[in-house]
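What follows is a short report on a single structure.
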Amino acid sequence: MADSSGSRSADLVILGAGSGGYACALRAAELDLSVILIERDKVGGTCLHRGCIPTKALLHAAEVADAAREGAKVGVRSSLDGIDMDTVNSYKDGVVARLHKGLAGLIKMRKIEVVEGTGKLVASNTVEVDGTRYEATKAVVLATGSYSRSLPGLDIDGERIITSEQALRLDRVPSSVVVLGGGVIGVEFASVWKSFGADVTIIEALPRLVPVEDESASKVLERAFRKRKINFKTGVRFSGVTQDDSGVHVSLESGETLDAELLLVAVGRGPSSAGLGYEEAGVTVERGFVTTDERLHTSVPNVFAVGDLVRGLQLAHRGFAHGIFVAEEIAGLNPVPVVDSGIPRVTYCDPEVASVGLTEAQAKEQYGDDKVESFEYNLGGNGKSQILATTGFVKTIRVKEGPVVGFVAVGARMGEQIGEASLIVNWEAFPEEVAAIIHAHPTQNESLGEAHMALAGKPLHVHA
Ligand SMILES: Cc1cc2nc3c(=O)[nH]c(=O)nc-3n(C[C@H](O)[C@H](O)[C@H](O)COP(=O)(O)OP(=O)(O)OC[C@H]3O[C@@H](n4cnc5c(N)ncnc54)[C@H](O)[C@@H]3O)c2cc1C
């Protein structure tokens, strides 16, 4: 809706059309609220264009490369002749383009007005884009997401020192890469490049890879990476990098220097909030993150924030959940708040790491050492995992005589198991209840059944 001054208005003005912003727009439109959605790039945001989807396409190509390389082990004569990055990239870009087209169509169908341009919050109810003011009659939703961080003094040149954005656009397989950061993004790229034939070394300052996961998962992932000859150094800090025609020379505080063609900086993502007028409009921002209460209200009435901009797990499905929550909150539906500990987490390297709820250490901290029980089921006993030649485990963590509060698994394709695990944890199921549910044989899903049967005191394929 436009008024005589040329400004436009809608019930909701949403700044940023990534997972959080567009999910909020779609749900709000469904609830008959009018929406203006402002985006400086493409609808879909990081996840669709520079994150979840393109990385998983690369990981699928990596899986196919490994299958070709290892076919002979199961009697299929095959070999890996090489990686054609042009084709890999057009496959990846094709997936993204199809999803983008679908999303744009959905947004149009729900009659959401998309404004292309960079927006700035100029009042608590107004976002300005190129001199035009967009006024919210009910609420403004901040959904500007996050960006790839670097370290002080470490300049990203986009050529030899890159972030995930440039890594996704590489037109070649690098001969060697140092990956700075052993978190989700670092281990996923390390896994892809190794499968494509690169020599990879991960540097992680904390004592283990995927340091936010249960310690047992890090151990098994590290063992699997060692087997795959993915090098890693943990508990060691980066101190500097130089480059010349031969590549990068990465020095560590231990005194060691690593030479490689590329350095991928994967040290985390910072909130995109600088210069967007948030603080000037009275919105409280701490270290760049917009502060919200559990109902995602900011310090200013009728201004909400969602997704990576809000401190917590930086995951697309958290953004979706935030967006839906805020739309329903504004519509007065009194939705149930999104709690980070109930959000499933998957790291898609080979092998995959999947978890939900508390780690064992967190459960012990919360409930007391003697009040927590866990069971780790080794995938060695799972038929389908043996067929897939994967190793790993499924671990389920319960409060004694109480519900399951945490789950973690490592192994090929274990990300696909997180749905049931998430249901178990979020529904606060008891192991005895899960043990009564029949799991199909032979599936990897059976390993969840086995773990809960064991924890319920009735193990089947387990040496008790
Ligand atoms: C390499 C990589 C892999 C990932 N893999 C996964 C995964 O497998 N699973 C998973 O769940 N998550 C994954 N993530 C994280 C996921 O992408 C983010 O959690 C998610 O995109 C956050 O959504 P958001 O809406 O908060 O922010 P974003 O998706 O970052 O969207 C913010 C949007 O706001 C726009 N914007 C910013 N400022 C302005 C402005 N001033 N004016 C107009 N528009 C603006 C941006 O252009 C962007 O489109 C990955 C991230 C990366 C980088």
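Whatever order the structure lists ligands and atoms in, that order sets their numbers, starting from 1. Just so it is clear, the model here is predicted, and its values are computed rather than measured.
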Taking only distance into account, with no hydrogens and no angle test, what donor-acceptor pairs under 3.5 Å do side-chain atoms of residues 350-359 form with protein atoms, sequence neighbours excluded?
from	atom 1	to	atom 2	distance (Å)
E352	OE1	M414	N	3.3
E352	OE1	G415	N	2.7
S355	OG	E213	OE1	2.7
S355	OG	E213	OE2	3.3
S355	OG	R345	NE	2.9
S355	OG	R345	NH2	3.2
T359	OG1	Q362	N	3.1
T359	OG1	Q362	OE1	3.4

(message) Atom CZ of residue position R237 - does it have more than 12 heavy atoms of other residues, nucleotides or ligands inside 6.0 Å?
(response) no

(message) Among all the protein's non-hydrogen atoms, which is closest to atom 13 (C) of ligand 1, and how far away is it?
(response) C52 SG, 3.2 Å

(message) Below the 3.5 angstrom mark, is there an N/O of R40, backbone or side chain, next to an N/O of ligand 1?
(response) yes

(message) Can you confirm, on distance only, whether ligand 1 has an N/O atom lying under 3.5 Å from any N/O atom belonging to S19?
(response) yes

(message) Tell me the protein heavy atom at minimum distance from atom 38 (N) of ligand 1, and give that distance in Å.
(response) T144 CG2, 3.3 Å

(request) Looking only at protein heavy atoms, identify the closest one to atom 15 (C) of ligand 1 and say how far it is in Å. (result) Q314 O, 3.6 Å

(request) Mark up the atoms of ligand 1 that fall under 4.0 Å of a heavy atom belonging to G307, in ascending order. (result) 26 (O)

(message) Would G323 count as a contact residue for ligand 1, given that I'm defining contact as a non-hydrogen atom of the residue lying under 4.0 Å from a ligand atom?
(response) no

(message) Applying a heavy-atom cut-off of 4.0 Å, say which part of S146 lies close to ligand 1: side chain, backbone, both or neither.
(response) backbone

(message) Using heavy atoms and a 4.0 Å limit, tell me yes or no: is K120 in contact with ligand 1?
(response) no

(message) One thing to verify: whether R208 and E222 come together as a salt bridge, which I'm taking to mean a side-chain N less than 4.0 angstrom from a carboxylate O.
(response) no

(request) Have a look at ligand 1 and work out which part of S272, if any, has a heavy atom under 4.0 Å from it: side chain, backbone, both or neither. (result) neither

(message) Under 3.5 Å between any N/O of R50 and any N/O of ligand 1: does that happen in this structure?
(response) no

(request) Begin from the C-alpha positions of F407 and I424 and carry the test side chain to side chain contact (heavy atoms under 4.5 Å, CB included) through to its verdict. (result) CA-CA 9 Å; F407 170 90; I424 292 169; over 6 Å; no

(request) Pick one of side chain, backbone, both or neither for how Y22 approaches ligand 1, counting any non-hydrogen atom pair under 4.0 Å. (result) neither

(message) Taking 4.0 Å as the limit for heavy-atom contacts, which would you say applies to I185 with ligand 1: side chain only, backbone only, both, or neither?
(response) side chain

(message) Residue-level breakdown please: for V43 versus ligand 1, do any non-hydrogen atoms fall below 4.0 Å on the side chain, on the backbone, on both, or on neither?
(response) neither

(request) Answer with side chain, backbone, both or neither: which part of L276 has a heavy atom less than 4.0 angstrom from an atom of ligand 1? (result) side chain

(message) Tell me the contacting part of K56 for ligand 1: side chain, backbone, both, or neither, using a 4.0 Å heavy-atom threshold, strictly below.
(response) side chain

(message) Below 4.0 Å from ligand 1: does a non-hydrogen atom of G16 turn up there or not?
(response) yes

(request) Considering heavy atoms of the protein only, find what lies nearest to atom 31 (O) of ligand 1 and give residue, atom and distance to 0.1 Å. (result) G18 CA, 3.3 Å

(request) Just need the protein heavy atom nearest to atom 32 (C) of ligand 1, so name the residue and atom and give the distance. (result) A143 O, 3.4 Å

(message) Counting non-hydrogen protein atoms only, what is the nearest one to atom 25 (O) of ligand 1? Give residue, atom name and distance.
(response) G20 N, 2.9 Å

(message) Starting from atom 28 (P) of ligand 1, what is the nearest protein heavy atom, named by residue and atom, and what distance separates them?
(response) T46 OG1, 3.5 Å

(message) Show the atoms of ligand 1 that are less than 4.0 angstrom away from any heavy atom in G117.
(response) 42 (N), 43 (C)

(request) Could you find the nearest protein heavy atom to atom 46 (C) of ligand 1 and give me its residue, atom name and distance? (result) E39 OE2, 3.4 Å

(message) I need the contact type for R269 against ligand 1. Using non-hydrogen atoms and a strict under-4.0 Å cut-off, is it side chain, backbone, both or neither?
(response) side chain

(message) So F304 and E329, do their side chains get closer than 4.5 Å, heavy atoms only?
(response) yes

(message) Once you restrict to heavy atoms under 4.0 Å, what part of T55 touches ligand 1? Side chain, backbone, both or neither.
(response) side chain

(request) Look only at interatomic distance and state if S164 has a nitrogen or oxygen under 3.5 Å from any nitrogen or oxygen of ligand 1. (result) no

(request) Measure the shortest side-chain to side-chain distance between D259 and V248 over non-hydrogen atoms and say whether it is less than 4.5 angstrom. (result) no

(message) Side chain or backbone, does L315 bring an N or O within less than 3.5 Å of an N or O on ligand 1?
(response) yes

